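Given the structure is predicted, the values throughout are model-derived calculations rather than measurements. Just so we're on the same page: letters track the sequence lines, and every chain starts at 1.
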Amino acid sequence: MSLLIGGEELGWLGEGSRLFASGAAESSYNLSRDWAGAVVGAGVTLVAPEELLPGTLCVAISLMGSTTALGEQLPGGEEPARAVRALERRLGERAGAVTALNLAAENALIPFIAAAELGLPMIDGDGSGRVFPLVEQTTYALGGMSPTPLALAGASGELIVMETAPDRVEELLRPVVLSVGGWAVAACYPMTAGDLARVLVPGTVSLLLRAGVPGAPRSVAAPYGVRTLCRGRIQAVEGSTRLGSELALPSSPSSIVLQETEGLRRLVRLEAHNEIVLALADGAAVAMAPDQICLISMTDGMVVDVDKAEPGLKVEVMVLKAAPVWHTERGLALGGLRAFGIPL
Amino acid sequence: MRAGVILGVALGRHPPVVVALRDGALDWPVGRAVARTATRACVALDLDDAPTAPVAAIRVGGPCPEALRPLVCRPDQAGVATIVRGGHSLTGRPLAPLDTEAVRRFAGSCGLMDFAVTATGSPMLADHELQVAAVIAAEVPGARITLSYEFGHPGLREREAETIRNAALGPEAGRIADEAARELPGVPVYFARSERGLVSAHYFRRYPYACYLGRTASLARGRAALPVRPVVPDEVTAAYGAALGRPEAQVERIVQARGRAELDRELQGVRDEVLTRVVSAGAAPGSARVAETTVNPLSYLPHGLYRIRVMAEGATA
């Protein structure tokens with residue numbers, strides 16, 4: 001059944017979307033929330049893809065690049081609509097719905113802004129069930145959908161339409177995103193509602209709407225289960241400046257070391273590459289991608305971004321189980337530890 | 001340096017509470033004659049309900065949705081704001097030439113003396129903020145100008161809000177510093193920072209926002225130092241907490257570095273800056289040292305962009 005997301009529901013969606021979102025800078029979340037609140041108007045209809053005609057064109061909307069850059073160089077406001085319109089021009093067809101690539105903070109709110117500005121429904125689901133750093137790391141791709149053609153709108157009026165083999169999207173995208181200031185809005189994965197129904201992680205938007213209601217337990221936002229790995233204090237953060245890496249990953253790897261403050265008092269080492277991909281406790285692997293590993297501040301209950309982690313912080317390390325499709329052989333190849341360059 | 005009495009002073013909606021620290025031992029109340037012979041006085045106060053001046057806010061950047069424009073119109077503020085073309089991306093690329101003519105027109109016609117300037121990308125490159133300051137200073141003699149890069153956090157709107165708040169507190173900070181100097185002639189006065197540590201009165205006049213929650217921080221510090229004496233009143237505890245502090249300063253920047261050598265060079269630049277700043281915050285030059293350095297790569301960006309925060313401390317001069 002379709003649901004209308006108005007001002008109040010938007011507040012819940014915003015809160016729900018950051019319960020497990022790492023890499024979301026406070027300022028970019030705040031501005032996405034305020035921006036969405038200003039365009040909510042009569043509201044956006046949330047629909048399951050099955051409720052649309054099977055041939056309806058759906059496009060995925062996502063922030064590309066750095067949330068820190070978005071928080072610093074503000075949007076002009078037209079970016080989401082410009083990206084969708086450019087993709088429509090390339091395809092010669094109007095979009096009938098907007099879907100999210102993933103639902104972490106800004107990435108839940110920017111598709112909402114696109115839907116509100118264009119008067120389109122938003123799909124109840126996403127292409128991840130969690131967050132991965134690469135455009136092709138989605139359940140859409142696992143289901144055989146191509147991220148291209150892809151349209152990119154930057155804050156200084158830039159508009160780029162990209163067409164290439166799926167495995168070269170990141171390589172082409174990254175220098176472009178950097179040259180337009182570090183962030184852009186992408187419209188990508190054009191597909192029919194029929195295909196989308198087959199490849200999405202369903203129901204995740206309405207899940208976040210429930211999880212964002214004040215007083216709801218955090219675990220509501222984790223559709224496939226969540227556990228606490230440990231509670232501890234960060235001892236050290238080690239950034240790498242490794243260059244010429246063979247890995248096709250944006251940003252540099254870093255490590256976070258923390259000492260458990262209870263139980264076995266283990267030394268827990270978290271390996272991060274934009275986000276945490278591996279947790280070792282006293283040298284033994286205890287959690288890894290494609291499951292999502294999150295640091296939650298024990299002071300304020302907020303997610304601690306990898307680039308804000310600093311010695312002395314008291315944190316809870318939580319592990320969210322990824323959608324079942326990520327634990328298939330193809331899912332592991334695309335989103336497992338090897339995809340982050342760790343051949344464990 | 002004279003070995004002697006260090007004063008802690010708690011200000012708030014009550015008469016000033018003064019305590020004395022002699023060889024680490026707490027003593028209060030303190031007579032005026034003793035107070036005027038102190039080696040230094042450390043003031044704890046919160047500025048969250050201090051009177052504020054109307055601010056002229058200048059943002060340097062592109063057009064944006066109405067909801068994201070500068071906020072200067074809090075209930076008790078008759079501020080004005082404008083957005084002028086210019087600024088830099090986080091990679092240091094100029095977004096547009098700075099519209100100095102627009103700055104001149106706004107500064108000349110706003111009728112205010114307290115300016116807050118926030119340029120897009122200033123944690124990376126502050127050139128446009130410095131140019132705006134020069135235009136304002138030429139157009140409005142005696143203007144008090146806060147530049148956002150002094151706060152340095154990425155996140156334009158949050159940094160802008162801090163910059164505006166700092167500018168709004170300027171006149172009141174000046175009044176408080178004047179009064180302290182009158183009450184304690186010849187005694188160097190310091191003010192407690194929001195996180196920890198102290199800054200000189202001179203620094204406080206320019207960056208009162210650094211001391212926005214100075215009493216709250218001093219109270220926490222005082223409580224931690226007096227755990228076995230729970231009957232001490234809060235104001236005495238806060239004054240004591242302030243007296244325990246030493247000058248501290250922080251600098252935050254975004255830098256771009258290709259490789260370790262470039263990063264080390266950038267780090268050295270930030271460290272030099274924070275050492276200069278902690279001396280300006282009242283540390284004796286020979287005592288200033290870097291206490292803490294944090295380097296984090298920025299997520300989802302290639303080409304070595306880093307967020308650097310450096311904290312320095314020193315002994316009082």
Bottom line for Ala261(B): the part with an atom under 4.5 Å from chain A's heavy atoms is neither

Between Pro65(B) and Gly76(A) the two heavy atoms that sit nearest each other are CD-O, 3.5 Å

Side-chain heavy-atom pair Ile254(B), Glu72(A) within 4.5 angstrom cut-off:
no

Here the gap from Leu68(B) atom CG to Ser32(A) atom OG, rounded to the nearest 0.5 Å, amounts to 8.5 Å

* To do: For side-chain contact (heavy atoms from CB on, under 4.5 Å), just list the numbers for Arg307(B) and Thr68(A), CA-CA rounded to whole Å, side-chain angles, deciding distance to a tenth of an Å, and then say yes or no.
  => CA-CA 10 Å; Arg307(B) 184 165 174 256; Thr68(A) 304; 5.7 Å; no

Arg82(A) meets the side-chain hydrogen bond (donor to acceptor under 3.5 Å, both in side chains) criterion, sequence neighbours left out, with none

Distance col, row Arg93(B):CZ vs Gln73(A):CD, nearest 0.5 angstrom, shows 6.5 Å

Looking only at Met124(B), Arg159(B), Glu292(B), most heavy-atom pairs under 4.5 Å shared with chain A are made by Arg159(B)

The reported gap from CG in Leu74(A) to CD in Glu160(B) (rounded to nearest 0.5 angstrom) is 8.0 Å

| For Thr91(B) and Leu178(A), what are the C-alpha separation, side-chain angles and deciding distance, and is it a side-chain contact (heavy atoms from CB on, under 4.5 Å)? | CA-CA 8 Å; Thr91(B) 54; Leu178(A) 188 71; 3.5 Å; yes

Most contact-rich option vs chain A, by heavy-atom pairs under 4.5 angstrom, among Ala96(B), Gly62(B), Gly121(B), is Gly121(B)

Smallest heavy-atom separation, Ser89(B) atom then Gly181(A) atom, equals CB-CA, 3.9 Å

Turns out that what part of Val39(A) lies under 4.5 Å from chain B's heavy atoms comes down to neither

Less than 4.5 Å apart, any side-chain heavy atom of Glu310(A) and any of Arg309(B)?
-> yes

Under 4.5 Å to a heavy atom of chain A? For Arg69(B) that would be neither

Cut-off 4.5 Å, heavy atoms of chain A, and the answer for Pro63(B) is backbone

Bottom line for Ala309(A): the part with an atom under 4.5 Å from chain B's heavy atoms is backbone

Residue set satisfying salt bridge (charged side-chain N to carboxylate O under 4.0 Å, His left out) with Glu8(A), at least two apart, ordered chain then number -> none

